[in-house]
There are 2 protein chains.
Amino acid sequence: MTQLEAARKGLITEEMKAVAAAEQIDAERLRERIAAGTAIICHNIKHTNAPPLAVGLGLKTKINANIGTSKDDVSIDKELEKAKVAVAAGADAIMDLSTGGPIDEIRAAIISQTDACIGSVPLYQAAVDTVTRKNKAMVEMTADEIFDGIVKHLDDGVDFITVHCGVTRGTVERMRNEGRVMDVVSRGGSFTVEWMAHNEAENPLFEQFDRLLEIVRPYDATLSLGDGFRPGCVADATDRAQIHELILLGELTQRAWDAGVQVMIEGPGHVPLNQIEANIQLQKRLCHGAPFYVLGPLVTDIAPGYDHITCAIGGTVAAAAGADFLCYVTPSEHLRLPTVEDVHEGVMATRIAAHAADLVKQVPGAWEQDLAMAKCRKQLDWEGQFKLALDPDKARRLRAESGVDEEHGACTMCGEFCAYKVMNERTEKDAAQLG
Amino acid sequence: MTQLEAARKGLITEEMKAVAAAEQIDAERLRERIAAGTAIICHNIKHTNAPPLAVGLGLKTKINANIGTSKDDVSIDKELEKAKVAVAAGADAIMDLSTGGPIDEIRAAIISQTDACIGSVPLYQAAVDTVTRKNKAMVEMTADEIFDGIVKHLDDGVDFITVHCGVTRGTVERMRNEGRVMDVVSRGGSFTVEWMAHNEAENPLFEQFDRLLEIVRPYDATLSLGDGFRPGCVADATDRAQIHELILLGELTQRAWDAGVQVMIEGPGHVPLNQIEANIQLQKRLCHGAPFYVLGPLVTDIAPGYDHITCAIGGTVAAAAGADFLCYVTPSEHLRLPTVEDVHEGVMATRIAAHAADLVKQVPGAWEQDLAMAKCRKQLDWEGQFKLALDPDKARRLRAESGVDEEHGACTMCGEFCAYKVMNERTEKDAAQLG
C-alpha cells in the first residue's frame with residue numbers, strides 16, 4: 001500500500017507521523033493532504049538509510065541539489081563530495097544526473113553515503129548506456145530499455161524519478177507551429193524529441209503510462225513529471241508548448257492518483273518575474289494541486305556566473321506563490337559542470353529563497369527564526385547571530401577576517417557610530433531617568 | 001534654474017537631451033516627468049566631471065554602491081579602489097559614507113577619480129567631526145554645524161544628499177508607543193533620535209526644512225529624503241513609525257517641489273516578500289510619484305554572508321513594482337565593512353535585480369539583451385554569450401576553468417548530450433529532408 005493509498009483509507013502511517021513531527025504540523029492534516037495529492041511523502045520503500053521527505057501544501061519549502069558526472073568530468077569522489085556538501089549545506093534532496101563514467105557506482109555511493117532524498121532521470125542513463133555500452137545510436141534505444149532503466153534506479157532506492165511523459169508528438173508539433181527561440185532545452189526532453197522523430201513513434205513514457213505506473217507503485221516512489229518544454233529563455237516562457245505539456249501532465253497526474261502513485265510536477269525554467277505567479281497558479285489548477293517542483297525560475301538570461309542569484313529571485317517568488325520544492329541552480333549554470341564550491345553556493349542561495357518564501361507562507365517555525373536573529377542583532381550578540389545564520393561558518397569567517405573580536409561590540413561598518421549601540425544607550429538612559 | 005524649474009517652463013535642457021538619448025526615450029516625455037517630479041536628473045552643477053544621471057518613471061533602474069571608511073578601517077586607497085570597482089561593475093552611483101580617517105580627502109578623491117553620480121550623508125561627517133575634531137559629544141553638534149556640513153558636501157559636487165528629515169519627535173513617539181524589535185537601525189536616524197532626546201528639541205532638518213531647500217537649490221542637487229525608520233528586521237516592516245515617516249516625507253516632497261528642488265525618497269530595509277509591492281505603492285501614492293530609492297529590501301534576516309542575495313530578491317520585486325533606484329547590499333552586510341570583492345559581488349547582484357525588473361517594466365533595450373543571449377546560447381556561440389553577459393570576465397573564467405575550448409562546442413555539464421546540440425541536429429536533419 002502506498003502512502004497515498006494509506007492516506008485515502010484514513011491511515012496515519014509511521015512516515016506521516018515522523019514527517020508531521022518534523023514539520024510541526026498536525027498528522028491528520030498531513031494525511032488529508034496526502035490523500036488529496038496536494039502533499040507527498042517522497043520515499044522509495046527500498047531506501048532504508050534515509051528518513052521520509054514530505055513535499056507539498058503547508059509544508060516547509062524543500063530544496064534539491066543536482067549533481068552528477070558528465071562524459072567530460074567523471075570523478076566519483078568529486079560527485080560524492082558534492083552530495084555531502086549539498087546535504088551539509090541544507091539540501092533536502094539530491095538528484096544524481098550522472099551521464100559519464102561508472103553511473104551505477106556513483107548512484108550507489110550517493111545513496112549509501114548520504115541520508116538525503118534521492119532523485120534521478122533514468123532516461124539519461126538508458127540513453128548513455130545505449131551509446132557507450134551498446135554501441136548503438138541513442139535513438140536505437142528500445143522502449144523496453146527505457147523501462148528497464150527505470151526499474152534499475154527504483155531497485156537502487158531512488159525516491160523520485162523524472163519522467164518526461166508530456167513530451168509528445170502533439171506537443172512538439174505545437175512548439176514547431178508557434179516557433180521558439182530555444183526549442184527544447186531539457187536534456188530528457190531533447191532525447192525524447194529526437195527519439196520520436198527518428199522512430200516516427202510516440203513517446204513510450206506517454207503511450208505506456210500505465211506500464212510506468214505499474215512499475216513505480218510497488219516502490220511507492222514518486223513520479224516527478226518532467227517539463228521537457230521548460231522554457232530555456234525568458235522569451236519562450238509560458239508559451240503554448242509549455243502550457244499544453246502542463247495540461248497533459250495534469251491528466252497524467254489524475255491517472256497516477258487513480259493507480260495509487262504519488263506525483264509531483266516539474267516546472268520552469270527561465271520566466272520573467274511578472275509571469276511567475278501565473279505559472280504557479282496554472283500548475284496548481286491544471287494539476288489539481290499536485291506539488292510543484294521548479295528549476296528556478298531564472299528571471300533573466302544574461303547573468304551566467306550568477307544564475308544561483310537569478311534562480312533565488314525567481315524561486316522566492318515561485319515558492320511564495322505556492323511552489324513546494326525548489327531545484328537549485330549553481331553559479332556554473334550555462335557554463336560548466338558545477339564545482340564543489342558551486343554546489344555550496346547554489347544550495348545556500350536556494351535556502352534563502354525557500355526560507356524567504358516560508359516566511360510569507362507562514363510555515364511553522366520560519367518567522368521565529370528571523371525574530372530570534374533580529375533580537376540577537378539588536379543586542380549585538382554575535383555568537384547568537386552566528387548560530388541563527390543560514391551559514392554560520394561564513395558569517396563567523398567574514399567577521400573574523402575584519403579583525404575585530406567579541407569585545408569590540410559593534411562591527412567595522414559603523415564602529416562606535418553603530419545605530420544599535422546609539423539606540424540601546426538611549427534606551428538605558430531613558431530607563432535610568434524613569435527609574 | 002533647476003532641472004525641475006526648467007522642465008516646468010517647458011524647456012528641454014542639454015542634460016535632459018543627453019539622458020533621453022542614453023535611455024532611448026523621447027526627450028519631451030522625460031521633460032514632462034521631470035516637471036511632474038516623477039523623474040529627476042541627479043546632478044550637482046558643481047560636479048563637472050560626470051554625466052547627469054536620471055532616475056525615475058520609465059527609466060532604466062539605477063544602482064548605487066555604498067562605500068566609505070569607518071573608524072576601524074580608514075584606507076583612502078581601499079575606498080577609492082572600491083569606488084572604481086563598483087563603477088567598472090556597472091554601478092550608476094556611489095555613496096561615500098565615510099566616518100573614519102580623512103573624510104574630506106576621501107570624498108574629493110572619489111569625486112575626482114570616478115565619473116559616477118555621487119551621494120553622501122552629510123550628517124555622518126558633521127557628527128563624526130563633532131566627536132573627533134571638536135572633542136564634543138555627538139549630541140552637542142549644533143544645527144548650524146549640521147547645515148554647514150551640508151554646504152561643504154554640496155560645494156564638493158555631491159549630487160544627492162540623504163537627509164533624515166522625517167525623524168521627528170512625533171515619529172519617535174509613535175515608534176515607542178507601538179514597540180519595535182529593532183528600534184532605529186539607520187545611522188543617521190539613530191543620531192537624530194539621540195540628538196533630539198538629549199537636546200529636547202525637534203530635528204533641525206525637519207524644523208528648518210526651508211533653510212535646507214534654500215541651501216540645496218543653487219546646486220540643483222537632489223534631496224534624498226532618508227528613511228530613518230527603515231525596518232531593521234522583517235518583523236518591524238511596514239509599521240506605523242515607518243509609514244508615518246513616509247507621510248511626512250510626502251509632505252516635504254511637495255514643499256521641495258514648490259521650491260524647485262528635486263527629490264527622491266529612500267525606502268526599506270528588511271521587508272517580507274509579500275509586503276514589498278504594498279510598500280512601493282504606498283510610497284508612490286503618499287509621495288505623489290517621486291522616485292523611490294530602496295536599500296534592499298532584504299526578504300529575510302537570517303542570511304548574513306549572503307545579504308547581496310536577500311537584497312537582490314527584494315530589489316527585483318521592488319523595482320518591478322516601481323522602485324527606481326536600488327542601493328546594493330554586499331555579502332558583508334551586518335558583519336563588517338565590505339571588502340573590494342564584496343563591492344563587486346554586491347553590484348553584480350543588484351544589476352541582476354535591476355535588469356530582471358527592467359525586463360518586466362519594459363525599459364527600452366532590456367528585452368533585446370536577453371533575446372540576443374538566448375540566440376547565442378542556442379547556437380553555442382560562446383564568445384557571443386560572454387560579450388552579452390552581465391559579467392563577461394566571470395563567465396569566461398568559469399568556462400575556461402572547466403578545461404574546454406571553443407572547439408568543444410558544448411560545455412562540461414552535458415557534453416555530447418547537450419540538449420541544444422541534439423535539437424539543432426534534429427532541425428538540420430528535418431531541413432535536409434524537406435530540402
Side-chain angles (χ1 to χ4, degrees), chain A residues 70-73 99 181-185 187 190 194 197 233-235 272-274 299-306 309-310 312-313 316 320 332 335-337 348-349 352 355-356 359-360 369-371 373-374 378 388-391 394-395 398-399 402 411-415 417 419 422-423 426, chain B residues 70-73 99 181-185 187 190 194 197 233-235 272-274 299-306 309-310 312-313 316 320 332 335-337 348-349 352 355-356 359-360 369-371 373-374 378 388-391 394-395 398-399 402 411-415 417 419 422-423 426:
Chain A
S70 74
K71 196 184 163 194
D72 295 322
D73 200 337
T99 58
V181 179
M182 291 198 69
D183 295 339
V184 167
V185 299
R187 253 189 296 188
S190 73
E194 179 58 14
C233 59
V234 293
L273 187 76
N274 61 344
V299 293
T300 174
D301 307 332
I302 66 166
Y306 300 88
I309 297 179
T310 66
I313 295 167
T316 307
S332 282
L335 294 168
R336 65 177 184 186
L337 203 70
M348 292 313 308
I352 290 169
H355 177 75
L359 281 180
V360 307
Q369 292 178 56
D370 288 59
L371 195 57
M373 175 64 87
K378 174 72 174 159
L388 290 161
L390 277 185
D391 187 347
K394 184 174 184 188
L398 293 196
R399 180 169 161 85
S402 74
C411 81
T412 54
M413 175 69 96
C414 306
F417 298 106
V422 171
M423 292 300 295
R426 168 49 45 194
Chain B
S70 73
K71 196 185 163 192
D72 295 322
D73 200 338
T99 58
V181 179
M182 291 197 70
D183 295 339
V184 167
V185 299
R187 254 189 295 187
S190 73
E194 179 57 15
C233 59
V234 293
L273 187 77
N274 61 345
V299 292
T300 174
D301 307 332
I302 65 166
Y306 299 89
I309 297 179
T310 66
I313 295 167
T316 307
S332 282
L335 294 168
R336 66 177 183 186
L337 204 70
M348 292 313 309
I352 290 169
H355 177 75
L359 281 180
V360 307
Q369 292 178 55
D370 287 60
L371 195 57
M373 174 64 88
K378 175 72 175 160
L388 290 160
L390 277 185
D391 186 348
K394 184 174 184 188
L398 293 195
R399 180 170 161 85
S402 74
C411 82
T412 54
M413 175 69 97
C414 306
F417 298 106
V422 171
M423 292 301 294
R426 169 48 45 194

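Protein chains get the first letters and strands the later ones, always in sequence-line order, with residue 1 at the start of each.
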Choice from B:Leu371, B:Asp391, B:Thr99, B:Leu388 maximising heavy atom contacts with chain A below 4.5 Å: B:Asp391
Interatomic distance, B:Cys414 atom SG to A:Asp72 atom CG [nearest 0.5 angstrom]: 10.0 Å
Pairs of heavy atoms under 4.5 Å with chain B: top-ranked of A:Asp73, A:Ile352, A:Thr310: A:Ile352
Check: A:Met423 main-chain N/O paired with B:Ser190 side-chain donor or acceptor under 3.5 Å: no
Residue, of B:Thr316, B:Ile313, B:Asp370, that accumulates the most heavy atom pairs under 4.5 Å with chain A: B:Asp370
Which of A:Ala349, A:Pro304, A:Ala197, A:Ser402 touches chain B most, by non-hydrogen pairs under 4.5 Å: A:Pro304
Among A:Thr300, A:Val422, A:Ile302, A:Val360, residue most engaged with chain B (heavy-atom pairs, under 4.5 Å): A:Ile302
Axial cation check for A:Phe417 ring with B:Lys71, 6.0 Å and 45° limits: no
Under 4.5 Å from any heavy atom of chain A - which part of B:Leu359: side chain
Non-hydrogen side-chain atoms of A:Lys378 and B:Asp183 separated by less than 4.5 Å: yes
Under 4.5 Å from any heavy atom of chain B - which part of A:Met373: side chain
B:Leu390 side, atom CG; B:Gln369 side, atom CD - distance, nearest 0.5 Å: 7.5 Å
Check: A:Arg336 main-chain N/O paired with B:Thr412 side-chain donor or acceptor under 3.5 Å: no
Residue among A:Ala374, A:Gly415, A:Cys233 with most heavy-atom pairs under 4.5 Å to chain B: A:Ala374
Interface moiety of A:Leu398 toward chain B, non-hydrogen atoms closer than 4.5 Å: both
Closest-packed option against chain A by number of heavy-atom pairs under 4.5 Å, given B:Ser70, B:Ala356, B:Ala320: B:Ser70
Most contacts with chain B, counted as non-hydrogen pairs under 4.5 angstrom, among A:Gly305, A:Pro272, A:Ala303, A:Ser332: A:Gly305
Heavy-atom contact with chain B under 4.5 Å, split by part of A:Met348: side chain
